[in-house]
Amino acid sequence: MAAPVRIVGTAQLLALQDRLRRADQERVRSSMQRRIRRAAEPLRDGMQDTIRSLPIRAEARRSGSRGGPSPTRRPLRATVAGSVRITVRTTGVVGARVWADKNLLPSDLRGMPQAMNSANGRIRHPVFGNRRRWANQWTTPLWWEKTVQQHTPRMTAEVERVLNDVRRLLD
């Protein structure tokens, strides 16, 4: 998968956080953190919607091959969409991060967000867990980056608005 999305203006955010700490403005700092999270929520929701509606096509079956329902009964796209998270940090690497939490996925799907976002859009997997027989499925390549590009201008403007509001409160 592509690198996690980060909303940063590191120098500005660090300077502002330092001023907030010195002024002992915990209420303002928590409000800023909440507003930055809210700025990233539409991106997270957009990622989840994109994943849920991502078309996945399979190769045609060979003659004589059997088919049937998945033995797991686990909805792939909904499971992967549920792993998209937001993290807001106000120390160290300051900013908001939208990412797919692999720990929320079952062990056999941990690499799926990266596979679904690959440059060629190919998802290669064993057929019903049989490692001697593999299948290819295809999806829209680089959907993560496309979704990020759609949301970046709005997020940047919102974070700038938050920073300006906090600066105004401190001055």
Side-chain angles (χ1 to χ4, degrees), residues 1-56 72-119 121 123 138-171:
M1 186 175 57
V5 181
R6 294 174 191 263
I7 302 172
V8 294
T10 306
Q12 293 174 347
L13 287 171
L14 281 172
L16 205 52
Q17 286 298 324
D18 188 44
R19 285 176 63 189
L20 284 170
R21 266 188 234 99
R22 278 187 276 142
D24 197 27
Q25 296 283 338
E26 182 60 31
R27 182 183 55 78
V28 176
R29 191 183 71 75
S30 65
S31 171
M32 182 177 99
Q33 189 170 358
R34 185 175 49 253
R35 289 179 65 192
I36 290 174
R37 175 179 293 278
R38 281 196 197 129
E41 284 175 353
L43 173 61
R44 181 205 54 208
D45 297 342
M47 291 287 187
Q48 290 175 336
D49 291 343
T50 301
I51 293 169
R52 285 187 183 105
S53 63
L54 206 59
I56 298 178
T72 63
R73 297 275 187 228
R74 186 176 50 222
L76 172 68
R77 287 175 229 147
T79 303
V80 174
S83 73
V84 177
R85 294 283 178 254
I86 301 173
T87 306
V88 178
R89 294 195 51 177
T90 56
T91 58
V93 180
V94 179
R97 180 177 170 222
V98 178
W99 53 292
D101 187 354
K102 294 178 183 179
N103 293 325
L104 295 176
L105 295 170
S107 61
D108 59 333
L109 294 181
R110 295 240 163 101
M112 192 54 67
Q114 185 174 358
M116 290 171 76
N117 191 52
S118 65
I123 303 169
W138 305 91
T139 187
T140 307
L142 304 176
W143 54 268
W144 184 277
E145 287 80 5
K146 291 173 186 171
T147 306
V148 169
Q149 286 174 353
Q150 291 171 354
H151 288 271
T152 298
R154 185 204 48 77
M155 286 187 320
T156 304
E158 181 62 27
V159 170
E160 286 176 14
R161 192 173 318 122
V162 170
L163 293 175
N164 290 335
D165 290 348
V166 172
R167 271 193 214 101
R168 227 176 296 119
L169 284 172
L170 290 175
D171 293 335

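FYI, side chains are in, hydrogens and waters are out, and symmetry mates aren't considered; it's all heavy atoms of this structure. Residue numbers count from 1 along this sequence. What you see is a predicted model, and the numbers here were worked out from it, not measured in a lab.
- Atom NZ in Lys146 sits 9.0 Å away from atom CG in Asn117 (nearest 0.5 Å).
- Contact between Ala39 and Glu158 at its shortest, heavy atoms only, is CB-CG, 3.4 Å.
- Shown here for Pro55 and Thr139, the closest heavy-atom pair between the two residues is O-OG1, 3.0 Å.
- Panel note: side chain Thr50, backbone Gly46; a donor-acceptor pair is recorded below 3.5 Å.
- Using a 4.5 Å heavy-atom threshold, the side chains of Ile51 and Trp143 count as touching.
- Taking OG1 of Thr156 as the start and CZ of Arg161 as the end, the distance is 11.0 Å to the nearest 0.5 Å.
- With rounding to the nearest 0.5 Å, the separation of CG in Leu163 from CE in Met32 is 6.0 Å.
- In this structure, Thr147 OG1 and Asp49 CG are separated by 9.5 Å, a value rounded to the nearest 0.5 Å.
- Using a 4.5 Å heavy-atom cutoff, the side chains of Met112 and Ile123 are in contact.
- Arg154 is linked by a salt bridge (charged side-chain N to carboxylate O under 4.0 Å, His left out) to nothing, counting only residues two or more places apart in sequence or in another chain.
- The side chain to side chain contact (heavy atoms under 4.5 Å, CB included) search around Leu104 returns Ser83, Arg85, Asp101, not counting sequence neighbours.
- A side-chain donor from one of Arg167 and Asn164 sits under 3.5 Å from a side-chain acceptor of the other.
- Residue Val98 comes nearest to Trp144 through the heavy atom pair O-CZ2, 3.6 Å, listed as atom of the first residue, atom of the second, then distance.
- For the atom pair CZ (Arg52) and CG (Leu76), the distance works out to 12.0 Å, reported to the nearest 0.5 Å.
- Distance alone, capped at 3.5 Å, is enough to place a donor-acceptor pair between the Arg110 side chain and the Lys102 backbone.
- Using a 4.5 Å heavy-atom threshold, the side chains of Val148 and Met47 count as touching.
- The two atoms that bring Leu105 and Val80 nearest to each other are CD2-CA, 3.9 Å, heavy atoms only.
- Listed by first and then second residue, the side-chain hydrogen bond (donor to acceptor under 3.5 Å, both in side chains) pairs involving residues 35-47 are Arg35-Asp165 (not counting sequence neighbours).
- Taking each heavy atom of Gly121 and Pro141 in turn, the nearest pair found is N-CB, 3.8 Å.
- Listed here is the closest heavy atom pair of Pro106 and Thr79: CD-CG2, 3.8 Å.
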